[in-house]
Amino acid sequence: MIRFVRVILAAPQVPECILPENLKTLRLDAWHRSKGSRMVPFAGYAMPVQFEGVMAEHLWTRAHAGLFDVSHMGQVQLWGSGAAAALEAMTPGNLQALKPGKIKYTLLLAPDGGILDDLMVTHAHDHLYLVVNGATKHDDIAYLRANLPGDIRLEYDDAAALLALQGPEAVTCLARLVPEVTDLYFMEAGPFHWGDIPLGISRSGYTGEDGFEISLAPEHAAAFADALCAMDEVKPIGLGARDSLRLEAGFPLYGHDLDPSLDPVQGDLTFAVSKKRALAGAFCGAERISAAFEAGPDKKRVGFAIDGKMPVREGAPIFAGDTEIGTVTSGGFGPSVGAPIAMGYVAAKYAAVGELVEAEVRGKRVAMTVTDMPFIPHRYHRKGAEQ
Amino acid sequence: MTRYFTEDHEWIDVDGEIATVGITEYAQEQLGDIVFVETPDEGRELTKGDDAAVVESVKAASDVYAPVDGTVIEGNAALADEPGLVNSDPEGDGWFFKLTLSDESQLKDLMSESAYNKFVDGLAD
């Protein structure tokens, strides 16, 4: 065997002894290692890929509460009265309509409408707070700086920590430390305190479960993580389970399921696009995106249910008969689904739910059915929804 | 019966000219939860270093290489329904395949259990 490993989810798995030396370390690096994590390189950082095991961590998060260190992600602030309008010119959503304390998922677009990143934007009253992907943050910041007007100030705090607490028991646990968080609904955020320590908390996440993301100063991160993990319901969770959780939730992972060659219509992210703004030509690449609305995309991101037990992974070509019609961009075993699942792109005529296609894995054909995502229903704490 | 090991974390039990191949406790622990195993078909001729089997965990697919030359006489059919046997009993019921050895002299290139244990101890976790 076993050249560990032909494909790993998001991160290449290599034995620790050959971790590249120029990796940045997370503020919680020692904390992770003390909890038994295995570290892998991801987005330029040594990141915890697993603690007790991907399957157990995944199922724990769906049943209880999982604590993730996502401090590799970029936390960016935009200051200035025209910040929303300026950012809107590079994104397809209605950011100027965003109300204080609300969060929106959007996309950073290249001049040709290609997706440079996906990100969360929070209206933080006197500024906009952005969370962008770790692997793309430096490019994003350079692109924003180059394209924002001079009166918009961009601040980036490389040191700030970001923790995510996800799962059905997340609210109970976090409320023991910060009782006021129960006031937040899904996609709302605000400033809170843990004792004297300021926290920026949003009710959002990347697992499909109810949960929170907590931004705080790095010197308090270990104490805060300890306070959470002292609770019976909370365990630390690695990148491995983060990837299987987001795949079951149907979320694209930038750099795998989204890239600069793809636009939001191809990416099946039209919920994040204002058609009106596209037709008005109000953002980068609006022409391409309104044309895709008009004519339909040439290809589209879809989910796949897979026959049998063999996982179909990123890079597997997809066929209809002899014709290659697409590629799998994320795939693996879904621990909560109990079967292999995948997402990828297929030519538009094969993108309807129920279409039967085949992937090729190690020279063999595997039958797949185009299916709705998410694979596991989202369980958010939505305002107005029956709780 | 003699058990040999490789630097690729396989074990090989040799009984006469029949060898049984699996992956080690260390390998299963590194791979994590195993969800799929593909074993070679009966009759397949393997040359040392060939891709012989595939083992997939939640997060990754890994190749298992043929540790010696030989002809496959059986893949472990139990792994199709219960791939987790590789986690629970990697050096027993979780065996991968059996082959008839073509060249017994290749066995001298393999490690003994104590040499393998030393090899693993030398790998940083």
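Letters go in sequence order (proteins before strands), and every chain restarts at 1.
- Annotation for Ser57(B) and Arg313(A): closest pair O-NH2, 2.7 Å, computed over non-hydrogen atoms.
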Test salt bridge (charged side-chain N to carboxylate O under 4.0 Å, His left out) on Arg38(A) and Glu29(B) and set out the steps.
CA-CA 11 Å; Arg38(A) 187 174 297 164; Glu29(B) 201 272 323; 3.4 Å; yes
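- Taking each heavy atom of Ala56(A) and Asp33(B) in turn, the nearest pair found is N-OD2, 4.3 Å.
- Counting only heavy atoms from C-beta outward, the side chains of Val35(B) and Pro311(A) approach each other to under 4.5 Å.
- Looking at Val54(B) and Met310(A), their side chains never come closer than 4.5 Å, going by heavy atoms from C-beta outward.
- Under a cut-off of 6.0 angstrom, the local environment of CG in Asp41(B) is sparse, with at most 12 non-hydrogen atoms contributed by other residues, nucleotides or ligands.
- Rounding to the nearest 0.5 Å places CE of Met55(A) at 10.0 Å from CD1 of Ile34(B).
- Neither the backbone nor the side chain of Asn87(B) comes within less than 4.5 Å of any heavy atom of chain A.
- For Ala80(B), the part lying near chain A is the backbone, with the side chain staying farther off; criterion is any non-hydrogen pair under 4.5 Å.
- Salt-bridge formation is not detected for the pair Glu82(B)/Lys309(A): no Lys NZ or Arg NE/NH1/NH2 atom is positioned less than 4.0 Å from an Asp or Glu carboxylate oxygen.
- Only the side chain of Glu38(B) comes within contact range of chain A, with heavy atoms under 4.5 Å apart.
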